[in-house]
Amino acid sequence: MYRLTKEQELIQKAAREYAEKTIEPIGAQIDRENLIPRAILNGLADLGMFSIPFPEEYGGGEAGYLSYILALEQLCKASLGIGMIISVNAVGLSVLNTFGSAALKERYMPDAACGKTIMSFAFTEPGTGSDPKQLSATAVRRDGKFIINGTKRFISNAGYEGPMVVVCREEGSGKATALLVDKFCPGYSVSEPWEKIGAHGGPLYDVYFKDVEVPADNMLGDIGHGMWVLKVAMIYGKIGLVGLFLGAALAAYEEALSYAKTKTHRGTPIASKFEHIQMTIADMTMKYEAAKWYAYHLGHVADTVKDQNLLIKEAALTKMFVTESAIDLCRMAMSVHGSYGLMKDYKIARIWGDVIFGPQVEGTAPTLKVLAANVILNS
Ligand SMILES: Cc1cc2nc3c(=O)[nH]c(=O)nc-3n(C[C@H](O)[C@H](O)[C@H](O)COP(=O)(O)OP(=O)(O)OC[C@H]3O[C@@H](n4cnc5c(N)ncnc54)[C@H](O)[C@@H]3O)c2cc1C
């Protein structure tokens with residue numbers, strides 16, 4: 001058992017206060033417009049929310065992954081879309097911090113750490129979402145540059161200025177290779193945003209590369225290291241998602257509590273009148289607490305573990321548990337609301353559109369089970 005440090009408590013409190021005062025009042029607007037106002041992103045940047053776990057040397061908070069999860073939970077209680085922007089930026093920063101040269105880190109990390117630019121990570125293509133062997137975007141090396149051509153699909157943060165990590169097939173070797181591209185450089189363009197059923201505010205685009213040139217020095221790692229880059233991105237992507245969907249779970253839990261205490265039947269709140277509402281609230285408390293401690297444990301493991309395989313296993317299992325718990329909690333909260341839970345005027349209906357995303361992204365349950373079982377059975 002561990003206690004939160006003073007720093008972790010302060011970060012959690014700052015995120016909670018900002019979410020309650022500034023994001024919650026416009027949660028429905030964000031959902032409708034599928035857009036986070038720039039003023040909100042600037043406010044989050046002022047609080048250091050874009051770079052909690054990254055080294056101070058590059059503008060980060062150096063406060064660890066447990067702090068990161070604590071902050072995302074509070075922010076995503078108000079808007080999951082905000083968490084998508086922060087967590088994908090953090091995936092880019094993790095990869096850059098792990099594989100980038102000192103020059104690349106100095107050039108790109110401080111701006112992305114303070115929210116001036118926002119990073120993306122582009123792997124998925126129309127033909128593949130999880131298999132690097134099927135990558136069709138190409139990078140051709142010529143005269144000290146790479147020339148990139150191809151299409152990337154469902155890319156988060158692609159509409160914001162900043163660097164994008166692009167995993168493509170290097171033509172000489174035929175191997176997956178990761179390059180850092182400045183978004184909106186010549187040859188870069190994006191589609192209209194996809195019309196998602198939830199997670200609004202974090203729009204997804206298809207991205208088109210037409211003879212996009214990047215200096216050869218913008219390679220992350222070496223030719224053929226794209227798989228390793230993807231592996232690191234998937235680990236830290238899952239940690240972010242755990243924070244996001246824990247926030248959605250907490251939002252569902254609190255909506256159920258509040259509705260049960262305020263909705264009355266013959267003058268008595270349904271929480272006092274109906275035993276099955278009390279049973280549901282007890283079940284919800286148990287489920288939220290289990291998800292919360294599993295999530296916080298992952299943050300603690302990410303901050304302390306030396307063995308990367310252990311982190312892969314923990315991230316896969318926690319991500320599955322927390323995202324499934326968020327769906328269960330939302331379903332239970334909707335049942336507490338009766339028919340009102342199906343109406344868009346109620347926050348719980350919006351949360352339903354959000355939680356359904358959890359199990360589909362950063363690895364589906366079957367792939368994560370195989371990943372975790374491999375570590376468990378071979379250690
Ligand atoms: C909100 C959101 C944000 C996203 N952001 C980004 C982003 O920023 N960058 C990016 O690159 N992508 C992003 N994506 C895309 C996402 O990462 C991919 O869609 C995801 O990896 C799944 O790929 P796919 O949809 O092609 O499914 P597929 O890989 O085609 O999977 C289809 C089905 O086959 C199963 N399957 C696949 N492989 C195996 C296997 N080896 N063993 C067993 N079963 C398997 C899966 O479980 C699934 O049920 C985002 C998607 C969403 C919804």
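All residue numbers in this chain count up from 1 along the given sequence. Note: hydrogens, waters and symmetry copies are ignored here, and every other heavy atom, side chains too, is used. Atoms within a ligand are numbered from 1 in the order they appear, just like the ligands themselves.
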Table of N or O contacts for ligand 1, cutoff 3.5 Å:
{"residue": "ligand 1", "atom": "5 (N)", "partner": "Phe154", "partner atom": "O", "Å": "3.1"}
{"residue": "ligand 1", "atom": "5 (N)", "partner": "Ser156", "partner atom": "OG", "Å": "3.0"}
{"residue": "ligand 1", "atom": "8 (O)", "partner": "Phe121", "partner atom": "O", "Å": "3.4"}
{"residue": "ligand 1", "atom": "8 (O)", "partner": "Ser156", "partner atom": "N", "Å": "3.1"}
{"residue": "ligand 1", "atom": "8 (O)", "partner": "Ser156", "partner atom": "OG", "Å": "3.2"}
{"residue": "ligand 1", "atom": "9 (N)", "partner": "Phe121", "partner atom": "O", "Å": "2.7"}
{"residue": "ligand 1", "atom": "11 (O)", "partner": "Phe123", "partner atom": "N", "Å": "2.8"}
{"residue": "ligand 1", "atom": "11 (O)", "partner": "Thr124", "partner atom": "N", "Å": "2.8"}
{"residue": "ligand 1", "atom": "11 (O)", "partner": "Thr124", "partner atom": "OG1", "Å": "3.1"}
{"residue": "ligand 1", "atom": "12 (N)", "partner": "Thr124", "partner atom": "OG1", "Å": "2.7"}
{"residue": "ligand 1", "atom": "14 (N)", "partner": "Phe154", "partner atom": "O", "Å": "3.3"}
{"residue": "ligand 1", "atom": "21 (O)", "partner": "Gly129", "partner atom": "O", "Å": "2.8"}
{"residue": "ligand 1", "atom": "26 (O)", "partner": "Gly129", "partner atom": "N", "Å": "3.3"}
{"residue": "ligand 1", "atom": "29 (O)", "partner": "Ser130", "partner atom": "OG", "Å": "2.6"}
{"residue": "ligand 1", "atom": "47 (O)", "partner": "Thr364", "partner atom": "OG1", "Å": "2.3"}

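- Side-chain contact check for Glu73 and Tyr296: at least one donor-acceptor pair (N or O, by modelled atom type) lies under 3.5 Å.
- For the residue pair Tyr340/Asp345, the side-chain donor-acceptor check at 3.5 Å is not satisfied.
- At least one donor-acceptor pair closer than 3.5 Å links the side chain of Lys319 to the backbone N or O of Gly363.
- Counted by atom type alone, Tyr288 and Ser325 present zero donor-acceptor pairs between their side chains at under 3.5 Å.
- No donor-acceptor pair closer than 3.5 Å links the side chain of Asp182 to the backbone N or O of Pro163.
- Side-chain atoms of Asp303 come within 3.5 Å of backbone atoms of Leu66 as a donor-acceptor pair (strictly under, hydrogens ignored).
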